[in-house]
Amino acid sequence: MGNYTLPVLGFFFVLLCGGNEVHASHQYLQPEATREAIQPSRTSYHFQAPKNWLNDPNGPMYYKGIYHLFYQHNPYGAVFGKTIVWGHAISYDLINWVHLNNALYPTNAFDAKSCWSGSVTILPGQKPVILYTGLDIKNQQVQNMAMPKNLSDPFLREWKKYSHNPIMMRPDGVNKDDFRDPTTAWQGEDGKWRVLVGSLKSDRGLAVLYRSNDFKKWNMYDHPLYSEANTGIWECPDFYPISTNSREGVETSSRSPQYKYVLKASIKFRDYYTLGTYMPDVEKFTPETGFRNLRLDLRYDYGKFYASKTFFDSAKHRRILWGWINESDSSADDVKKGWSGIQSIPRAIYLSKNGRQLIQWPVEEIERLRRKHVGFKDKKLEGSSLVEIPGITASQADVEISFKLPNLKDAELMDTHSVDPQLLCSKKSAAVSSKVGPFGLLIFATKDLTEHTAVFFRIFRDRNRYVVLMCSDQSRSSLRKGVDKTTYGAFVDKDPRHEAISLRSLIDHSVIESFGGDGRVCITSRVYPTLAIDGEAHVYAFNNGSLDVVVSSLNAYSMNKASFVSNIGS
Ligand SMILES: *[C@@H]1O[C@H](CO)[C@@H](O)[C@H](O)[C@H]1NC(C)=O
Ligand SMILES: *[C@@H]1O[C@H](CO)[C@@H](O)[C@H](O)[C@H]1NC(C)=O
Ligand SMILES: *[C@@H]1O[C@H](CO)[C@@H](O)[C@H](O)[C@H]1NC(C)=O
């Protein structure tokens with residue numbers, strides 16, 4: 001790690017004054033002039049480690065005016081490694097960050113091999129506590145606890161481990177590799193604390209439930225909170241209440257008849273969630289959909305997005321979701337780049353009005369990075385046409401577009417109940433014309449479209465309803481071979497007869513985070529253009545259907561870089 005240290009007051013000044021000073025110190029680590037030439041795929045406003053490997057977000061919290069983000073990190077290389085630690089960074093606005101020293105790293109028998117994922121719980125009296133998985137000296141997964149060394153340090157730089165670790169050992173019948181990732185704990189009206197740990201027991205994925213009176217001695221409850229057969233292991237479970245009548249987030253321990261509960265499990269590189277009800281007196285969670293048919297279950301994101309975690313932001317009364325966005329290139333490429341893995345832009349999440357699903361939207365703070373704006377309203381986009389969105393930095397942008405569909409009744413017929421939307425998107429790629437669609441955005445596009453990533457919609461008629469399919473087609477994103485160009489897709493729960501169909505894409509050099517139908521479907525993709533870089537990248541609105549559509553509104557912005565300052569001591 002570097003040894004660039006500023007006195008605390010100095011870097012407070014830098015943070016508060018923003019802009020130039022921050023960039024000046026950033027340049028010390030990585031000269032900006034050469035950055036793009038050497039690192040065309042390094043992102044400018046997504047969170048990354050200063051270098052090397054990053055995976056799961058850990059223990060996000062808001063504490064005494066500061067946001068903390070910890071993350072799984074290999075300090076020794078750009079690939080997942082034998083020693084994983086907790087990287088640590090702080091922010092005042094969730095966008096501009098200061099990297100601090102690693103917060104947790106192997107020190108004892110109970111975490112001798114690695115400090116794996118976990119969560120923070122803020123105990124009464126404003127005392128944050130970390131629960132995390134230790135890979136112990138015998139390569140067993142156990143659960144441990146750590147507390148800040150000095151609660152007066154506003155940055156909580158140093159953490160001390162509880163002397164009686166481990167505090168949870170795996171249940172009988174669970175393999176030593178299948179017991180990890182404790183959630184944020186919640187407290188019932190009976191005063192007891194509860195926490196979930198992800199696991200697998202004889203072909204059932206499960207969320208093992210532990211309870212405690214004092215947060216130190218934990219007893220496994222006699223049944224898991226929830227389990228399901230044939231899913232594989234549940235990693236990084238998350239469990240939290242969500243309001244049914246407000247967009248405001250609620251604290252993890254708070255209770256009301258107005259809340260539903262969200263249970264999320266990370267399964268085979270996809271983050272699935274189900275809504276449901278929870279009765280703490282009998283520890284019963286009743287899901288509405290469950291994880292029964294993994295193909296059609298609800299997901300946070302239908303692209304690259306895994307091992308996510310939420311926290312309650314008491315400053316703005318919202319629940320915020322972070323997720324790990326993996327690379328799509330090879331480990332050898334990552335070694336060459338010197339880094340791998342980014343975090344999503346944090347997303348505020350709330351329940352949809354009809355109560356059937358979650359809505360996700362980039363936190364409003366990201367809008368402060370918006371610079372130059374271009375826009376228009378009510379413009380016809382004829383069949384088989386495209387229009388450039390000019391004048392913005394197309395490789396570092398925030399683009400919002402809405403479509404109205406005057407010709408719905410001629411939409412293609414389809415029985416959508418039995419189809420896999422992702423497969424449908426790869427069969428009917430952007431290059432396949434139908435009547436209503438494909439229409440959407442061409443991102444990271446060269447002028448001749450040799451390279452482009454198409455994020456688009458297509459409308460089907462299914463009996464007497466209309467079904468909106470959203471796709472992200474990476475097949476022509478890059479001339480490079482050997483990168484994962486899987487096409488992603490999902491159905492959007494929107495009725496195009498009554499509402500415009502919107503798409504917002506956050507574009508940042510090698511990542512596109514797309515929010516379709518006002519945040520009903522999110523698809524994140526990683527792409528590595530070779531030609532559509534910086535000034536050679538363009539963004540277009542396109543309609544490759546045979547019938548006209550109308551762009552009811554377009555607002556596109558160049559984005560500034562976020563600042564990432566290192567305050568890592570030696
Ligand atoms: C705790 O942190 C405060 C604020 O940074 C500092 O003044 C104090 O010296 C620290 N105490 C110890 C024991 O390190
Ligand atoms: C990350 O991406 C690489 C390259 O596409 C892939 O081989 C690997 O399985 C992915 N891992 C996860 C956890 O998504
Ligand atoms: C539009 O469709 C035509 C064929 O109908 C195809 O050749 C072309 O590549 C498509 N454009 C895009 C951007 O996919």
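Both ligands and their constituent atoms are indexed starting at 1 by order of listing.
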Output the list of atoms in ligand 2 that are nearer than 4.0 Å to some heavy atom of Trp324, sorted by atom number. 13 (C)

Distance flag, aromatic centroids of Phe47 and Trp97, threshold under 6.0 Å: yes

State plainly whether the residues Asp329 and Lys337 are in salt-bridge range, i.e. N to O under 4.0 Å. yes

Write 'none' if nothing qualifies; otherwise put on separate lines each N/O atom of ligand 3 with a protein N/O atom under 3.5 Å away and their distance to 0.1 Å.
residue  : atom   : partner : partner atom : Å
ligand 3 : 2 (O)  : Asn544  : OD1          : 3.2
ligand 3 : 2 (O)  : Asn544  : ND2          : 2.4
ligand 3 : 9 (O)  : Arg476  : NH1          : 3.3
ligand 3 : 11 (N) : Asn544  : ND2          : 2.7
ligand 3 : 14 (O) : Ala430  : O            : 3.2
ligand 3 : 14 (O) : Arg476  : NH2          : 2.8

Mind checking salt bridge (charged side-chain N to carboxylate O under 4.0 Å, His left out) for Arg347 and listing every partner two or more places apart, or none if nothing turns up? Asp301, Glu513

How about Gln474 and Ser472: does a side-chain donor come under 3.5 Å of a side-chain acceptor? yes

Give the numbers and elements of all ligand 2 atoms closer than 4.0 Å to a heavy atom of Ser328. 5 (O)

Kindly assign one of parallel, tilted or perpendicular to the pair His68 and His88, based on the angle between their ring planes and the thresholds 30° and 60°. parallel

Contacts of type ring pair (Phe, Tyr, Trp, His ring centres under 6.0 Å), residue Tyr67, not counting sequence neighbours: Tyr62

Of all the atoms in ligand 1, which lie at a distance below 4.0 Å from a heavy atom belonging to Asn150? 1 (C), 2 (O), 3 (C), 8 (C), 10 (C), 11 (N), 12 (C), 14 (O)

Distance flag, aromatic centroids of Tyr71 and Trp322, threshold under 6.0 Å: no

Under 4.0 Å between a Lys/Arg side-chain N and an Asp/Glu carboxylate O for Asp410 and Lys435? no

Residue Ser152 vicinity, atoms of ligand 1 by number, heavy atom under 4.0 Å: 2 (O), 3 (C), 4 (C)

Quick check on contacts: which atoms of ligand 2 are under 4.0 angstrom from a heavy atom of Asp484? 5 (O)

Is there any N or O on Glu327 that sits under 3.5 Å from an N or O of ligand 2? yes

Below 4.0 angstrom from a heavy atom of Lys304, which ligand 2 atoms are there? Numbered from 1 as shown, please. 1 (C), 2 (O), 5 (O)

So, are Asp56 and Lys309 salt-bridged, with charged N and O less than 4.0 Å apart? no

Under 4.0 Å from ligand 2, counting heavy atoms only, is it the side chain of Asp329, its backbone, both or neither? backbone

Report the residues that fulfil ring pair (Phe, Tyr, Trp, His ring centres under 6.0 Å) with Tyr272, sequence neighbours left out, ordered by chain and then residue number. none

